[in-house]
Colleague: 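Please read through the structure below; I'll follow up with questions.
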Amino acid sequence: MKDVWTICMALVLLLVFGGCSSDTEEQSPVLDIYVYAPGKPTLTRSVIDPTEEEKKVNSMTLWVYKSSDGSQLGSITLSGEELESLNSQNSGVYSMSVDNTFARNPEPVDVYVLANVSSTNTGTAFDAIIPDKASLEDAQFNGGYYYQFVNGGINKAVTKLSDEGLPMSGVIRGKMVTNKNSVLHITDANVRLVRDISKIRFVFSSLNTINDFLYIDEVKLDANMLYKSDYLFLNDEHPYYRVGDKPVDKEVILVEKLKDATGAPQYVNRNADPRQYAYVNGMDESMYEAKIQEGLDKNELTASPTVYLPESNKRLMGTVTYHLQSKPSDLRTAQFMMLSGDFRRNQTWIVYIYYAGSSKLEISSVKVTDWEDGGEWNHDIHNW
């Protein structure tokens, strides 16, 4: 009985002193990193609203390095429920453990973030431990789902999102860190994710007073417009696009023959004045998008599946092949050209193509949204 009492007292003392020891134990320092997702758009689009898919983050890895010598402080890899806040609230705070030495003497850091990047999605995959940040600075997309036209015989652009989502990246450099009660914060900075892909909507219409119907057979992008690789991260020298040095030396199909639900060729919807849907210089881009959407809802316009393309420093141009119902074997072509001098990442475009009864198609294009983030804390309300 005495032995039992001795054992019980020993356990009680162990619990008491063990509890006291844990109460006085120093809290491990962590660095909080704020990440913002690409903004949610204000306008819906035809057929279904794909915006949740276009902005969803399915997986994400963060790397933190000292700005002074480039050594890695740590990394975080996240997926599933860990990204719930980022997907539902467009922002999230992620805590990374750091050592006591850095916590006592914090210094500026560089933070790199990749989302939805994998060997199957972009041809590139990374381990969480990358001791040299130069490996991230020099990393490129060079294959996978969104670059499938680069390698092999496939020469079609992507018109459907992969299950992994759109690849995104974000980086901040040289930002100071402050320490408050063992919780470190990056001063006045957060990481904004940016889609590394842009999209084009091709929209068509025809005049309803002519006794004929317009059919679109194909839209092709010229050779040497895109590149076989693009860099994941922008930098001060390349703030808008950062492409590789090897162009895609073949045409890329953007739009295949328009067909209806049964698979039969589909003629382009008609209206009394196709020119009313052409972009007019000075028009507010978001209002123009709303106008196009209204025409689609009224079945006065026809849209092909959305095209997702990597960035380019080129002014994109290509060929539209079409025919009239009255002359099915008389295939005609028209050239299209994007308005601005480059096709930057994180943009959305509309190319409007219409037939008003003349001998050729009329074509106009407009960059609906430039995804400049408007600063580190605010995002463009028309962000795709």
Colleague: Given the rule in the side-chain contact (heavy atoms from CB on, under 4.5 Å) test, do Val219 and Ser304 qualify, once you have shown the distances and angles that lead to the verdict?
Modeller: CA-CA 10 Å; Val219 179; Ser304 66; over 6 Å; no
Colleague: Same hydrophobic cluster for Val171 and Met176, using side-chain heavy-atom links shorter than 4.5 Å among ILVMFWY?
Modeller: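 Unlinked, Val171 and Met176 end up in two clusters.
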Colleague: Hey, any chance Leu331 and Ile363 share a hydrophobic cluster, counting ILVMFWY side chains that come within less than 4.5 Å of each other, even indirectly?
Modeller: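 They do not share one cluster, since no chain of ILVMFWY contacts under 4.5 Å joins Leu331 to Ile363.
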Colleague: Using a 3.5 Å distance criterion without hydrogens, assess whether the side chain of Asn269 forms a donor-acceptor pair with backbone atoms of Glu300.
Modeller: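 No, Asn269 side chain to Glu300 backbone: no donor-acceptor pair under 3.5 Å.
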Colleague: Nearest 0.5 Å, what's the CG-OG distance between Leu234 and Ser169?
Modeller: 6.5 Å
Colleague: Do the side chain of Asn90 and the main chain of Ala37 share a donor and acceptor less than 3.5 angstrom apart?
Modeller: no
Colleague: How about Tyr354 and Tyr352: are their ring centroids closer than 6.0 Å?
Modeller: yes
Colleague: Is the backbone N or O of Asn224 less than 3.5 Å from a side-chain atom of Asp249, with the two atoms forming a donor-acceptor pair by type?
Modeller: no
Colleague: Any side-chain donor-acceptor pair under 3.5 Å between Ser198 and Glu311?
Modeller: no
Colleague: State the CD-CD1 distance between Gln293 and Ile350, to the nearest 0.5 angstrom.
Modeller: 9.0 Å
Colleague: Ignoring hydrogens and geometry beyond distance, is a side-chain donor-acceptor pair present between Lys56 and Asn116 at under 3.5 Å?
Modeller: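 Lys56 vs Asn116: no donor-acceptor pair found between side chains.
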Colleague: Same cluster or not: Val248 versus Ile253, using hydrophobic residues (I, L, V, M, F, W, Y) connected whenever any side-chain heavy atoms lie under 4.5 Å apart?
Modeller: no
Colleague: Tyr267: what forms a ring pair (Phe, Tyr, Trp, His ring centres under 6.0 Å) with it, not counting sequence neighbours?
Modeller: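 Counting only residues at least two positions away or on another chain, Tyr267 forms a ring pair (Phe, Tyr, Trp, His ring centres under 6.0 Å) with Phe213.
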Colleague: For residues Tyr231 and Tyr147: do they belong to one hydrophobic cluster (side chain heavy atoms under 4.5 Å, members Ile, Leu, Val, Met, Phe, Trp, Tyr)?
Modeller: no
Colleague: Does any N or O in the side chain of Asn179 come within less than 3.5 Å of the main-chain N or O of Pro106, such that one atom is a donor and the other an acceptor?
Modeller: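 Not at all, since once roles are kept as given, no pair shorter than 3.5 Å links the two residues.
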Colleague: To the nearest 0.5 angstrom, please state how far the CG atom of Asp69 sits from the OG atom of Ser71.
Modeller: 3.5 Å
Colleague: Nearest 0.5 Å, what's the CZ-OG distance between Phe343 and Ser312?
Modeller: 8.5 Å
Colleague: Is the closest side-chain heavy-atom distance between Lys228 and Asn142 below 4.5 Å?
Modeller: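 They are not in side-chain contact.
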Colleague: For Ser97 and Val30, indicate whether the former's side chain and the latter's backbone hold a donor-acceptor pair under 3.5 Å.
Modeller: no
Colleague: Under a 4.0 Å N-O cut-off, is there an ion pair linking Asp110 with Arg173?
Modeller: no
Colleague: Just wondering, do Leu232 and Phe141 contact through their side chains at under 4.5 Å, heavy atoms?
Modeller: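 Phe141 vs Leu232: side chains touch.
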Colleague: Under the salt bridge (Lys or Arg N to Asp or Glu O under 4.0 Å) rule, collect the residues that match up with Glu251, sequence neighbours excluded.
Modeller: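 With neighbours one apart ignored, the set is Lys220.
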Colleague: Tell me if a side-chain donor or acceptor on Tyr279 pairs with a main-chain N or O of Met283 at a distance below 3.5 Å.
Modeller: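 At least one qualifying donor-acceptor pair exists.
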Colleague: Would you check if Leu193 and Val57 make a side-chain contact, meaning some heavy-atom pair closer than 4.5 Å?
Modeller: yes
Colleague: Show, in sequence, the C-alpha distance, side-chain angles and deciding distance for Val113 and Met60, and conclude whether the side-chain contact (heavy atoms from CB on, under 4.5 Å) test is met.
Modeller: CA-CA 7 Å; Val113 182; Met60 186 171 72; 3.5 Å; yes
Colleague: side-chain contact (heavy atoms from CB on, under 4.5 Å), that's the test. Do Val203 and Thr302 meet it? Break it down for me.
Modeller: CA-CA 6 Å; Val203 181; Thr302 298; over 6 Å; no
Colleague: Rounded to the nearest 0.5 Å, what separates atom CG in Asp32 from atom CG in Leu184?
Modeller: 8.5 Å
Colleague: Under a 3.5 Å threshold, yes or no: a donor from one side chain and an acceptor from the other, between Glu107 and Ser67?
Modeller: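 Ser67 and Glu107 do not have a side-chain donor-acceptor pair below 3.5 Å.
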Colleague: For a side chain to side chain contact (heavy atoms under 4.5 Å, CB included) with Asp217, tell me which candidate from His323, Glu256, Arg332 qualifies.
Modeller: His323
Colleague: Is Arg345 close to Tyr241 at the side-chain level, that is, under 4.5 Å between some pair of heavy atoms?
Modeller: no
Colleague: Side-chain heavy atoms nearer than 4.5 Å, only ILVMFWY residues, links allowed to pass through others: does that put Leu86 and Ile186 together?
Modeller: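 Cluster IDs for Leu86 and Ile186 match.
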Colleague: Tell me, please, whether Phe102 has Lys66 positioned over its six-membered ring: NZ or CZ under 6.0 Å from the ring centre and within 45 degrees of its axis?
Modeller: no
Colleague: More than 12 non-hydrogen atoms from neighbouring residues, nucleotides or ligands closer than 6.0 Å to CG on Asp330, yes or no?
Modeller: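 Enclosed.
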Colleague: Please lay out, stage by stage, how Leu309 and Ile197 fare under the test side-chain contact (heavy atoms from CB on, under 4.5 Å).
Modeller: CA-CA 6 Å; Leu309 289 177; Ile197 300 292; 5.6 Å; no
Colleague: Under 3.5 Å, is there a donor-acceptor pair linking the side chains of Tyr145 and Asp163?
Modeller: no
Colleague: Within the side chain of Asn181, is there an N or O that forms a donor-acceptor pair under 3.5 Å with the backbone of Val183?
Modeller: no
Colleague: Listed by chain and number, what are the ring pair (Phe, Tyr, Trp, His ring centres under 6.0 Å) partners of Phe233, not counting sequence neighbours?
Modeller: Tyr112
Colleague: What pairs with Arg270 under salt bridge (Lys or Arg N to Asp or Glu O under 4.0 Å), at least two apart in sequence or on another chain?
Modeller: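 Listed in chain order: nothing, the list is empty.
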Colleague: Contact between Arg201 and Leu296 at the side-chain level, heavy atoms closer than 4.5 Å - yes or no?
Modeller: yes
Colleague: Just list the side-chain donor-acceptor pairs under 3.5 Å for residues 77-84, sequence neighbours left out, or say none.
Modeller:
from, atom 1, to, atom 2, distance (Å)
Thr77, OG1, Thr61, OG1, 3.4
Glu82, OE1, Ser79, N, 3.0

Colleague: Does the distance from a Lys or Arg side-chain N to an Asp or Glu carboxylate O, for Asp230 and Arg242, drop under 4.0 Å?
Modeller: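 Salt bridge: no.
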Colleague: Quick one: does Lys257's side chain have a donor or acceptor within less than 3.5 Å of a partner on Pro265's backbone?
Modeller: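 A pair under 3.5 Å: no.
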Colleague: Could you tell me whether Asp342 and Arg344 make a salt bridge, using a distance below 4.0 angstrom between a side-chain N and a carboxylate O?
Modeller: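 Here Asp342 pairs with Arg344 in a salt bridge, since their nearest N and O are under 4.0 Å apart.
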Colleague: Looking only at the side chains, is there a donor atom on one of Ser229 and Gln140 sitting less than 3.5 Å from an acceptor on the other?
Modeller: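 Yes, a side-chain donor-acceptor pair sits under 3.5 Å.
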Colleague: Got a sec, which pairs hit ring-ring contact (aromatic ring centres under 6.0 Å, His included) with one end in residues 167-212, sequence neighbours left out?
Modeller: Phe202-Phe336
Colleague: Are the side chain of Lys175 and the backbone of Asp188 linked by a donor-acceptor contact shorter than 3.5 Å?
Modeller: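 Side chain of Lys175 to backbone of Asp188: no pair is present.
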Colleague: Could you check whether any side-chain N or O of Thr319 sits under 3.5 Å from a backbone N or O of Gln335, counting only pairs where one atom can act as donor and the other as acceptor?
Modeller: no
